Asks: 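I have a structure I would like to understand better, so I am pasting it below and will then ask my questions one at a time.
Fair warning: this is a prediction, and the values are worked out from it, not measured in the lab. Note that these values count all heavy atoms, side chains included, but never hydrogens, waters or copies made by symmetry.
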Amino acid sequence: MSSTIWFTPWKPGPAADLAPKSRDSPDSPESKAAGAAVVSVTEFTPHRPWTSFGVNVAGVALRRVWQDIEGAVGLWLWVDPDPLRPRSGSVSVWRDEKDLQGFVARHDHVRVVRSYRHRGAMRSTTWRTECFSPDATQEAARSFLTGKSAWPG
């Protein structure tokens, strides 16, 4: 498993007031903690490397409407650029479990999942934190994605 994971910049959602804002960049969270949240980390590993392009395009399309998704605090997309075994996914932060489930059931998300479910392996994990910290959340996700920590199962 590659230790190279690239994250997109933080994309705030309509519930972004949960996450603190940096003075330098209004769209990036600071390292200090904020309120309670639900975190979801997903990983898609395609059976064939060329499938990764379509999955990544679909992820970017969903990211573009992120500010309209009820209960979304924020999002990072990520990619492992290994040419022989590319992987990609997201780290999304939600106000609560109900908001996450609402996104999972959205028409555009369901369409993407159905399009790619037989073209690769998918795994995810979700946890609740009482004190959302962007830095700690990204570090926990990176630990799963690089294999330093086992995926909860």
Side-chain angles (χ1 to χ4, degrees), residues 1-2 4-22 25-30 34-83 85-129 132-146 151-153:
M1 192 169 294
S2 172
T4 303
I5 302 292
W6 295 336
F7 285 90
T8 62
W10 173 257
K11 174 80 172 194
D17 58 334
L18 174 68
K21 306 250 184 187
S22 168
S25 173
D27 290 337
S28 64
E30 287 181 351
V38 172
V39 178
S40 174
V41 179
T42 63
E43 175 192 68
F44 180 78
T45 305
H47 297 313
R48 294 176 179 85
W50 53 84
T51 302
S52 64
F53 179 75
V55 170
N56 293 338
V57 167
V60 169
L62 286 172
R63 185 179 191 273
R64 284 190 184 134
V65 299
W66 196 251
Q67 69 279 356
D68 300 327
I69 299 175
E70 179 69 27
V73 173
L75 166 79
W76 292 284
L77 296 180
W78 66 270
V79 64
D80 174 351
D82 183 325
R85 192 163 193 262
R87 301 174 299 134
S88 60
S90 66
V91 179
S92 59
V93 182
W94 302 90
R95 205 173 32 200
D96 56 37
E97 183 73 27
K98 179 182 166 202
D99 293 322
L100 170 58
Q101 293 306 317
F103 171 70
V104 168
R106 274 177 60 110
H107 155 78
D108 48 359
H109 182 261
V110 169
R111 187 179 65 242
V112 171
V113 170
R114 286 183 179 161
S115 295
Y116 289 97
R117 83 168 101 200
H118 299 297
R119 298 180 192 187
M122 175 75 178
R123 63 181 168 174
S124 66
T125 188
T126 304
W127 69 88
R128 179 165 178 75
T129 179
F132 170 62
S133 164
D135 289 346
T137 299
Q138 194 176 70
E139 184 55 37
R142 186 181 299 277
S143 186
F144 296 136
L145 300 171
T146 60
W151 282 74

Asks: Please report the shortest heavy-atom distance between Ile69 and Pro14, naming the atom on each side.
Replies: O-CG, 3.0 Å
Asks: When rounded to the nearest 0.5 angstrom, what is the spacing between CG in Asp80 and CD1 in Ile5?
Replies: 4.5 Å
Asks: Can you tell me how far the OG1 atom of Thr45 sits from the CZ atom of Arg123, to the nearest 0.5 Å?
Replies: 6.5 Å
Asks: Among all residues two or more places apart in sequence or in another chain, which pass the side chain to side chain donor-acceptor pair (under 3.5 Å) test with Arg119?
Replies: none
Asks: Given side chains that start at C-beta, do those of Asn56 and Phe44 come closer than 4.5 Å, heavy atoms only?
Replies: no
Asks: So, does Trp127 use its side chain to make a donor-acceptor pair with the main chain of Ser40 at under 3.5 Å?
Replies: no
Asks: Answer whether the closest heavy-atom distance between the side chains of Phe53 and Pro86 falls below 4.5 Å.
Replies: no
Asks: Between Ala37 and Val93, which heavy-atom pair has the shortest distance, and what is it?
Replies: CB-CG1, 3.7 Å
Asks: Donor-acceptor pair, Ser143 side chain versus Glu139 backbone, under 3.5 Å?
Replies: no
Asks: Quick one: OG on Ser90 to CD on Glu43, what's the gap to the nearest 0.5 Å?
Replies: 11.0 Å
Asks: Search all heavy atoms of Pro12 against all heavy atoms of Trp10 and return the closest pair with its distance.
Replies: CD-O, 3.6 Å
Asks: Could you report the tightest heavy-atom contact between Phe144 and Pro152, atom names first, then the distance?
Replies: CE2-CD, 3.6 Å
Asks: Given side chains that start at C-beta, do those of Trp78 and Thr8 come closer than 4.5 Å, heavy atoms only?
Replies: no
Asks: Who passes ring pair (Phe, Tyr, Trp, His ring centres under 6.0 Å) against Trp6, sequence neighbours left out?
Replies: none
Asks: Can you run down the salt bridge (charged side-chain N to carboxylate O under 4.0 Å, His left out) pairs that involve residues 65-78, sequence neighbours left out, and say none if there aren't any?
Replies: Glu70-Arg95
Asks: To the nearest 0.5 Å, what is the distance between CZ on Arg111 and OH on Tyr116?
Replies: 10.5 Å
Asks: State which residues pass salt bridge (Lys or Arg N to Asp or Glu O under 4.0 Å) with Glu97; sequence neighbours excluded, sorted by chain then number.
Replies: none
Asks: First locate atom NZ of Lys11, then atom CD of Gln67, and finally report the distance between them rounded to the nearest 0.5 Å.
Replies: 4.5 Å
Asks: Output all residues satisfying side chain to side chain donor-acceptor pair (under 3.5 Å) with Arg117, sequence neighbours left out; order by chain, then residue number.
Replies: none
Asks: Given side chains that start at C-beta, do those of Val91 and Gln138 come closer than 4.5 Å, heavy atoms only?
Replies: no
Asks: What's the verdict on side chain to side chain contact (heavy atoms under 4.5 Å, CB included) for Val39 and Thr126, showing C-alpha distance, side-chain angles and the deciding distance?
Replies: CA-CA 5 Å; Val39 178; Thr126 304; over 6 Å; no
Asks: Which heavy-atom pair separates Asp99 from Asp96 by the least distance, and what is that distance?
Replies: N-OD1, 2.9 Å
Asks: Side chain to side chain contact (heavy atoms under 4.5 Å, CB included) between Arg63 and Leu75: does it pass, once the steps are laid out?
Replies: CA-CA 8 Å; Arg63 185 179 191 273; Leu75 166 79; 3.7 Å; yes
Asks: State which residues pass ring pair (Phe, Tyr, Trp, His ring centres under 6.0 Å) with Phe103; sequence neighbours excluded, sorted by chain then number.
Replies: Trp66, Trp94, His109
Asks: Using a strict cut-off of less than 4.0 Å between a Lys/Arg side-chain nitrogen and an Asp/Glu carboxylate oxygen, indicate whether Arg106 and Asp108 qualify as a salt bridge.
Replies: yes
Asks: Got Phe7 and Val79 here, is their nearest side-chain heavy-atom distance under 4.5 Å?
Replies: no
Asks: Less than 4.5 Å apart, side chain to side chain, heavy atoms only: is that true for Leu77 and Val60?
Replies: yes
Asks: If I take atom CZ from residue Arg48 and atom OG1 from residue Thr51, how far apart are they, to the nearest 0.5 angstrom?
Replies: 7.0 Å
